[in-house]
Amino acid sequence: MLAGRRSCQSGVLPDPASFSIKSWAEEDRPREKLMQKGRTALSDAELMAILLGSGTAKLSAVDVAKLILAAVKNDLNELARLSVKELMRHKGIGEAKAITIVAALELGRRRKETAAAARTTITCSLDIYNLVRPNLQDLPHEEFWVILLNRANVVMRKTSVSSGGVAGTVADPKMIFKEALEQLASSIILVHNHPSGNRQPSAADIALTRKLKEGGQFLDLPVLDHLIYTDHGYYSFADENIL
């Protein structure tokens, strides 16, 4: 074989440096593209590549990001559910990069929460759903929350009273009413999530709701609704007239 033709031989990989983002045209590099065209011009993979900083010997940071996104069907909500250990299963993702991704997605979630924390008046079940969504979205376990309202149905506070496993959590009525009485709330709304996505209440959910409603009546602290949250919708006891 003639000298100088070896690089054309079948099966021989090009220089790993050719996979580097530094070898791209400047306007195509994620960092430079963001500076020149703005953040909205970047794809999800390009934004993730900036977080990653580098790829592997054979994959650019953008390629690594594309593989991770493909694994969650390009659904950022699914990506947000991944733990550090789950992200580290992907080639090219060590602990530091996995932590960076998780931290960035958590900042996005907290931004939503901050926006929802502004003075909110509850007028319907959808208002409740939108209020708690930043807190309950993507959770792999059940949590029980209570929303405290004043006489004008303005949210005074929302607080988590218990956290459990995938199958359920225990809500202590004493803790629920203690928080409401200390804050001088006029009424309360109950919320818990179903990580499974099943919106229908269980027999235990119905029994607890009745118990808390009776307790609220005794304390002159009415329970206005109990919302079962899922990432794709909700069930309202008040809307279904079983409260």
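Applying the 4.5 Å side-chain rule to ILVMFWY residues, one finds that Leu51 remains a lone member of its cluster.
Listed here is the closest heavy atom pair of Gly92 and Thr56: CA-CG2, 3.5 Å. Closest non-hydrogen pair, Gly53 versus Arg31, comes out as CA-NH2, 4.3 Å. Nearest approach of Asn153 to Ser187, heavy atoms of both residues: OD1-OG, 4.1 Å. Annotation for Asp225 and Ala238: closest pair OD1-N, 2.9 Å, computed over non-hydrogen atoms. Scanning both residues, Leu131 and Pro134, for their nearest heavy atoms gives O-CD, 3.4 Å. Shortest non-hydrogen contact noted between Pro30 and Val62 is CG-CG2, 3.9 Å.
Applying the side-chain hydrogen bond (donor to acceptor under 3.5 Å, both in side chains) rule to pairs touching residues 64-77 yields Asn77-Gln137, sequence neighbours excluded. Within the structure, every pair that satisfies the salt bridge (Lys or Arg N to Asp or Glu O under 4.0 Å) test and touches residues 178-202, not counting sequence neighbours, is listed here: Arg157-Glu179, Lys178-Glu182. The salt bridge (Lys or Arg N to Asp or Glu O under 4.0 Å) pairs that include a residue from residues 76-105 are Glu78-Arg81, Arg81-Asp138, Arg81-Asp231, where partners are two or more places apart or lie in different chains. Legend: ring-ring contact (aromatic ring centres under 6.0 Å, His included) pairs involving residues 203-227, not counting sequence neighbours, sorted by first then second residue: Phe144-His226, His192-His226, His226-Phe237. Evaluation of the salt bridge (Lys or Arg N to Asp or Glu O under 4.0 Å) test over residues 121-136, restricted to residues two or more places apart or in two chains, returns none.
The side chain to side chain contact (heavy atoms under 4.5 Å, CB included) check on Ala65 picks up Ala45, Met48, Leu52, with sequence neighbours excluded. Every side chain to side chain contact (heavy atoms under 4.5 Å, CB included) that Leu126 has, sequence neighbours left out, goes to Cys124, Tyr129, Asn130, Tyr234. Applying the side chain to side chain contact (heavy atoms under 4.5 Å, CB included) test to Leu136 and every residue at least two apart in sequence or in another chain returns Val132, Leu139, Glu143, Trp145, Val191, Asn193, Tyr229. Residues passing the ring pair (Phe, Tyr, Trp, His ring centres under 6.0 Å) test with Phe177: none are found, sequence neighbours excluded. Residues satisfying the side chain to side chain donor-acceptor pair (under 3.5 Å) criterion with Ser202, sequence neighbours excluded, are Asp205. Checked against side chain to side chain contact (heavy atoms under 4.5 Å, CB included), Ala152 has the following partners two or more places apart in sequence or in another chain: Asn150, Val154.
For the pair Leu59 and Leu67, the minimum side-chain heavy-atom distance is below 4.5 Å. Looking only at side-chain heavy atoms (C-beta outward), Leu149 and Val155 come within less than 4.5 Å of each other. Two residues are said to be in side-chain contact when any heavy atoms from C-beta on lie closer than 4.5 Å; Pro195 and Pro140 fail this criterion. With a 4.5 Å cut-off on side-chain heavy atoms, Leu243 and Thr209 count as touching. In this structure the side chain of Ser125 reaches within 4.5 angstrom of the side chain of Leu227, judged on heavy atoms.
By the criterion of side-chain heavy atoms lying less than 4.5 angstrom apart, applied directly or through intervening Ile, Leu, Val, Met, Phe, Trp or Tyr residues, Leu34 is not grouped with Leu76; the two fall into different hydrophobic clusters. Cluster membership for Met175 and Ile188, using ILVMFWY side-chain heavy atoms within less than 4.5 angstrom, is not shared. If you chain together hydrophobic residues whose side chains sit under 4.5 Å apart, Leu87 and Ile50 never meet in one group.
Taken from CD1 in Ile242 to NZ in Lys213, the straight-line distance is 10.5 Å, to the nearest 0.5 Å. Between the CG atom of Leu148 and the OG1 atom of Thr159 there is a distance of 7.5 Å, given to the nearest 0.5 Å. In this structure, Ile68 CD1 and Ile93 CD1 are separated by 3.5 Å, a value rounded to the nearest 0.5 Å. Between the CG atom in Asp220 and the OG atom in Ser186 there is a gap of 8.5 Å [rounded to 0.5 Å].
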As a quick check of understanding, evaluate side chain to side chain contact (heavy atoms under 4.5 Å, CB included) for Leu79 and Leu69, giving each step before the final call. CA-CA 7 Å; Leu79 179 65; Leu69 288 169; 4.1 Å; yes
Let me see the working for Ile101 and Leu82 under side chain to side chain contact (heavy atoms under 4.5 Å, CB included), right down to the final yes or no. CA-CA 10 Å; Ile101 295 172; Leu82 299 182; over 6 Å; no
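Screening Lys33, Lys37, Arg39 against Glu46 for a salt bridge (Lys or Arg N to Asp or Glu O under 4.0 Å) leaves a single residue, Lys33.
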